[in-house]
Amino acid sequence: MEGRDRRLSRVAPQARLRPGWLGFYPTILPDLWYSLHTAQGNHSAYIWLETSHGITRVQRSDVELRDTP
């Protein structure tokens with residue numbers, strides 16, 4: 001009997017700047033989704049995104065979140 005792989009694929013949450021938002025985030029492109037960096041402290045006003053320039057702190061109100069790509 002052949003076993004089946006029953007692991008569920010988990011998708012990491014992602015975030016991007018809200019459409020039309022041109023805030024002061026020089027390392028973040030407006031139409032690109034970024035992975036959330038969860039190792040930072042839990043702070044209700046900010047989230048941390050993994051960008052090509054490193055970890056960037058962004059105000060939570062400046063981004064939209066999604067669970068699936």
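Note that the numbering runs from 1 along the sequence shown for the chain.
Residues forming a side-chain contact (heavy atoms from CB on, under 4.5 Å) with L32 (at least two apart in sequence, or on another chain): L29, Y34. In this structure, the side-chain contact (heavy atoms from CB on, under 4.5 Å) partners of E50, at least two apart in sequence or on a different chain, are S35, H37, I55.
A distance of 4.5 Å separates CZ in R57 from OH in Y46, rounded to the nearest 0.5 Å.
At distances below 3.5 Å, not a single donor-acceptor pair connects side-chain atoms of R16 with backbone N or O atoms of L65. With hydrogens and angles ignored, the 3.5 Å screen pairs no side-chain donor or acceptor of R66 with any backbone N or O of Q14.
In terms of hydrophobic clustering, with Ile, Leu, Val, Met, Phe, Trp and Tyr side chains grouped at heavy-atom distances under 4.5 Å, W33 and Y25 are assigned to different clusters.
No side-chain heavy atom of R18 sits less than 4.5 Å from a side-chain heavy atom of S61.
Closest of all the heavy-atom pairs between T27 and H53 is CB-CD2, 3.5 Å.
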